[in-house]
There are 2 protein chains.
Amino acid sequence: MDANRRTPTSSVELFRWIGWAQMKAGEDWIRERELSHAQSFVLGYLVQNPGAIQRDIAEVSRTSAASVSSLLQGLERRGLIERRTESGNERSKRVFATPAGAELISGFETAMIDAGETILAPLDPAERATLYALLTKITQELPQPTRS
Amino acid sequence: MDANRRTPTSSVELFRWIGWAQMKAGEDWIRERELSHAQSFVLGYLVQNPGAIQRDIAEVSRTSAASVSSLLQGLERRGLIERRTESGNERSKRVFATPAGAELISGFETAMIDAGETILAPLDPAERATLYALLTKITQELPQPTRS
DNA sequence: CTCTAACCATTAGAGATCTAACTGTCAATC
DNA sequence: GATTGACAGTTAGATCTCTAATGGTTAGAG
């Protein structure tokens with residue numbers, strides 16, 4: 001994993017480096033709130049998709065239904081989410097972030113954008129435009145992310 | 001965490017997207033070998049730094065000595081590493097990857113480079129050079145990574 | 001209606017990881 | 001030599017996450 005190199009010489013390594021800086025910012029933020037990476041992702045997803053069922057959460061999380069079940073138990077114990085069944089369909093449960101849950105996760109995206117601004121700071125507007133164009137070209141060939 | 005957006009509009013999001021693709025490739029590789037992310041990192045570090053002591057491993061892993069202790073117990077149980085004390089210093093233990101451990105982790109860097117090549121495929125040489133220059137400019141302002 | 005198969009979710013059990021508290025070792029000072 | 005404090009590592013206990021097996025629910029076919 002290149003644990004030693006201190007002068008990367010390829011774009012691939014630079015991507016890893018930048019990704020590391022971003023992830024580190026995110027992990028610190030998450031850890032302060034005593035969430036795991038997966039928990040923070042699911043909580044954010046639920047704010048954007050209230051009432052999602054666990055099967056869908058498992059899909060976008062790229063994990064199993066069993067893991068989602070355990071994960072949600074942890075969040076439910078802390079009062080950050082709620083699970084309700086609708087009459088007429090007893091086998092699927094709709095999951096909602098509670099106000100406390102929404103409150104806890106709010107600010108994460110902002111923190112991420114701030115971290116991104118810091119990362120891009122060395123570039124002037126023209127350079128940013130060039131970078132954006134190149135990144136767009138790359139990502140058009142990439143599979144869709146289902147999880148950030 | 002932008003779990004829904006499918007058309008990113010900022011370089012920050014594109015970085016996250018690309019990072020996701022890279023990480024996913026790495027995670028699949030690691031999972032096949034029944035290693036955790038942290039375990040693979042430490043194993044790779046030990047191949048590059050034979051005889052490192054646990055305190056140093058904790059430092060580069062950005063974690064605690066206790067976590068390293070637990071992590072190494074798992075690797076030792078599987079015969080992937082060895083711990084030895086040197087006479088004259090009983091309190092620090094030197095850690096080595098066994099041949100089996102080195103064998104297991106070999107190929108990870110190669111797999112990562114292959115994944116990187118796939119990612120950069122849409123760009124011609126001139127574009128790659130431009131991208132590399134921009135990324136270099138960014139990373140010169142970033143803190144040193146201690147972990148990939 | 002009943003049977004079956006698909007579907008959604010949970011539990012049991014294991015390993016990984018973390019924090020807090022602990023044991024043992026070394027070195028400096030008196 | 002005894003004391004003190006810093007250092008290296010481990011253990012205990014908790015949570016998170018995974019795989020495999022299990023429990024209910026629904027829809028469709030006969």
Side-chain angles (χ1 to χ4, degrees), chain A residues 23-24 27-43 45-46 49 51-96 104 147, chain B residues 23-24 27-43 45-46 51-96 101 104 147:
Chain A
M23 185 167 7
K24 181 176 171 313
E27 277 179 358
D28 290 348
W29 191 97
I30 288 167
R31 196 172 296 280
E32 284 168 18
R33 281 140 186 96
E34 301 199 315
L35 292 171
S36 72
H37 185 71
Q39 286 175 323
S40 71
F41 171 78
V42 170
L43 201 46
Y45 179 80
L46 287 174
N49 303 269
I53 67 170
Q54 297 190 193
R55 189 81 182 77
D56 294 337
I57 296 171
E59 182 119 5
V60 299
S61 301
R62 295 178 53 74
T63 184
S64 65
S67 295
V68 170
S69 184
S70 305
L71 188 157
L72 292 180
Q73 280 175 14
L75 292 177
E76 195 167 37
R77 208 182 313 136
R78 292 170 61 185
L80 301 175
I81 63 149
E82 278 181 349
R83 285 186 273 191
R84 309 182 207 137
T85 53
E86 292 179 324
S87 55
N89 188 353
E90 287 300 319
R91 74 179 160 185
S92 60
K93 294 189 175 175
R94 296 195 160 275
V95 189
F96 300 86
L104 186 66
R147 171 172 187 175
Chain B
M23 187 169 1
K24 181 175 173 314
E27 278 179 359
D28 290 348
W29 191 96
I30 288 167
R31 195 172 298 279
E32 284 168 18
R33 281 141 186 95
E34 300 199 313
L35 292 172
S36 71
H37 185 71
Q39 287 174 324
S40 71
F41 172 77
V42 169
L43 200 47
Y45 179 78
L46 287 175
I53 67 170
Q54 297 189 193
R55 189 85 181 81
D56 293 338
I57 296 171
E59 182 119 8
V60 299
S61 301
R62 295 178 51 75
T63 185
S64 64
S67 295
V68 171
S69 184
S70 305
L71 187 156
L72 292 181
Q73 279 175 16
L75 293 178
E76 195 167 38
R77 208 181 313 134
R78 292 169 62 184
L80 301 175
I81 61 148
E82 277 181 350
R83 286 187 274 191
R84 309 180 208 139
T85 52
E86 291 179 324
S87 57
N89 188 352
E90 286 302 318
R91 74 179 160 183
S92 61
K93 294 187 176 175
R94 296 195 159 277
V95 188
F96 299 86
L104 187 66
R147 171 173 187 174

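When reading the values below, keep in mind they use all heavy atoms of this one structure, side chains included, and skip hydrogens, waters and symmetry mates. The sequence lines fix the lettering, A, B, ..., with proteins before strands; numbering per chain opens at 1.
The interatomic distance linking Glu76(A) (CD) with dA9(C) (C1') rounds to 13 Å, in whole Å. Nucleotide dT25(C) holds its C1' atom 15 Å from the CD atom of Gln54(B), rounded to whole Å. Remark: C1' of dC26(C) and CD1 of Ile53(B) are 13 Å apart, rounded to the nearest angstrom. For the pair Arg62(A) CZ and dT17(D) C1', the interatomic distance rounds to 16 Å; values are reported in whole Å. Between the NE2 atom of His37(B) and the C1' atom of dC16(D) there is a distance of 17 Å, given to the nearest Å. Note: CD1 (Ile57(B)) to P (dT17(C)) measures 13 Å, nearest angstrom. Taking atom CG on Leu72(A) and atom C1' on dT15(D), their separation rounds to 15 Å, with Å as the unit. Distance, Arg55(A) CZ to dA6(C) P: 14 Å, rounded to whole Å.
Scored by the salt bridge (charged side-chain N to carboxylate O under 4.0 Å, His left out) test, Glu82(A) finds Arg84(A) as partners (sequence neighbours excluded). Scanning for salt bridge (charged side-chain N to carboxylate O under 4.0 Å, His left out) contacts around Arg94(B) gives Glu86(B), with sequence neighbours left out. In this view, Thr85(B) satisfies the side chain to side chain donor-acceptor pair (under 3.5 Å) rule with no residue, not counting sequence neighbours. Applying the side chain to side chain donor-acceptor pair (under 3.5 Å) test to Asp56(B) and every residue at least two apart in sequence or in another chain returns nothing. Residues satisfying the salt bridge (charged side-chain N to carboxylate O under 4.0 Å, His left out) criterion with Arg33(B), sequence neighbours excluded, are absent altogether. Taking the side-chain contact (heavy atoms from CB on, under 4.5 Å) definition, one finds that Arg55(A) meets it with Ile53(A), Glu59(A), sequence neighbours left out. Applying the salt bridge (charged side-chain N to carboxylate O under 4.0 Å, His left out) test to Arg83(B) and every residue at least two apart in sequence or in another chain returns Glu76(B). Ser70(B) pairs by the side-chain contact (heavy atoms from CB on, under 4.5 Å) definition with nothing, not counting sequence neighbours.
When distances run from any side-chain atom of Ala65(B) to the nucleotides dG9(D), dC18(D), dT10(C), the shortest one goes to dG9(D). Proximity note for Ser67(B) (side chain, C-beta onward) versus dT10(C), dC18(C), dT10(D): the nearest is dC18(C).
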Quick one: which protein N/O atoms are closer than 3.5 Å to N/O atoms of nucleotides 14-16 of chain C? Pair and distance per line, please.
| from | atom 1 | to | atom 2 | distance (Å) |
| --- | --- | --- | --- | --- |
| dA16(C) | OP1 | Gln39(B) | NE2 | 3.0 |

Set out, line by line, the N/O atom pairs under 3.5 Å between protein and nucleotides 21-26 of chain D.
| from | atom 1 | to | atom 2 | distance (Å) |
| --- | --- | --- | --- | --- |
| dT25(D) | O2 | Arg91(A) | NH1 | 3.3 |
| dT26(D) | OP1 | Glu90(A) | N | 2.6 |

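Here Ser69(A) does not reach the OP1 or OP2 of dT11(C): none of its side-chain N or O atoms lies under 4.0 Å away. One finds a side-chain N or O of Arg83(B) lying less than 4.0 angstrom from the OP1 or OP2 phosphate oxygen of dT10(D). Between dT11(D) and Gln73(B), a contact under 4.0 Å exists linking OP1 or OP2 to a side-chain N or O. Remark: Ser92(A) is not in phosphate contact with dC8(C), judged by side-chain N or O atoms under 4.0 Å from OP1 or OP2.
In this structure, Leu72(B) and Val42(B) have side chains that are in contact, with non-hydrogen atoms separated by less than 4.5 Å.
Heavy atoms of other residues, nucleotides or ligands lying less than 6.0 angstrom from CD of Glu34(B) number 12 at most.
Note on the helix from dC1(C)-dG30(D) to dC30(C)-dG1(D): terminal axis deviation equals 10°, with five pairs used at each end and the result rounded to 10°.
Ala52(B) approaches Tyr45(B) most closely through the heavy-atom pair CB-CE2, 3.9 Å.
With rounding to the nearest 0.5 angstrom, the CD1 atom of Ile81(B) is 9.5 Å from the CD atom of Gln73(B).
Residue contacts shown for Arg94(A) are absent, as no nucleic acid heavy atom lies under 4.0 Å away.
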